[in-house]
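One structure is given here, and the rest of the page talks about it.
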Amino acid sequence: MRTIDIPVDPVVDYKLQFWLKGEATAGTVSAIIREVFASGAENYIRKEIPLSDEWTLFEADYTSDPSIDYIWIYIEAVDINGSIWVDDF
């Protein structure tokens, strides 16, 4: 699951927030910010999210690079053994 292109202003502090819960007891779930720069270069920032069967607020601070053009935000689930749900993404 990913967002559309999100334009961001250079050198600004942002906060990524969403709720997540799941049935999975194995595997990993991560939030990934894909930075795309004006030069065409890319960078990926990955933050692992602990698995929980309760609704849990995930928060991550992000400061945009001076040469940023836009970002994408992904939720990635790898080798999980159950469903996950995301809200307010």
Using the rule that Ile, Leu, Val, Met, Phe, Trp and Tyr join whenever any side-chain heavy atoms are under 4.5 Å apart, tell me whether V29 and W19 fall into a single cluster. no
Got a second to check how far L16's CG is from I45's CD1, nearest 0.5 Å? 10.5 Å
Output for pair (T56 OG1, L20 CG), nearest 0.5 Å, gives 7.5 Å
Are I73 and I32 close enough that some pair of their side-chain heavy atoms sits under 4.5 Å apart? no
Nearest atoms (heavy-atom pairs only) where L51 meets G27: CD1-O, 3.5 Å
Distance col, row I49:CD1 vs E59:CD, nearest 0.5 angstrom, shows 12.0 Å
Has S64 got a side-chain atom pairing as donor or acceptor with V8's backbone, closer than 3.5 angstrom? no
Compare every heavy atom of D53 with every heavy atom of K21, then report the nearest pair and how far apart it is. CD-O, 4.0 Å
What's the spacing between E48 CD and E76 CD if we round to 0.5 Å? 10.0 Å
Derivation and outcome, side chain to side chain contact (heavy atoms under 4.5 Å, CB included), residues Y14 and D9: CA-CA 10 Å; Y14 293 92; D9 293 321; 3.8 Å; yes
Which value, rounded to the nearest 0.5 Å, describes the distance between E35 atom CD and E42 atom CD? 10.5 Å
Determine the minimum heavy-atom distance between Y62 and I68, stating which atoms define it. OH-CD1, 3.8 Å
As an exercise, state the distance from CZ of F58 to OG of S30, rounded to the nearest 0.5 Å. 8.5 Å
Got T63 and V12 here, is their nearest side-chain heavy-atom distance under 4.5 Å? no
Taking atom types as modelled, find out whether D79 and T28 have a side-chain donor-acceptor pair closer than 3.5 angstrom. no
Heavy-atom distance under 4.5 Å between the side chains of N81 and T25, does that happen here? yes
Does W55 reach the side chain of W85, with side-chain heavy atoms less than 4.5 Å apart? yes
For I4, look at atom CD1 and say whether over 12 heavy atoms of other residues, nucleotides or ligands are found less than 6.0 Å away. no
Would you name the heavy atoms of D88 and F18 that are closest together and state the gap between them? O-CB, 3.7 Å
When you group the ILVMFWY residues by side-chain heavy-atom contacts below 4.5 Å and let the links chain together, are F37 and I6 in the same group? yes
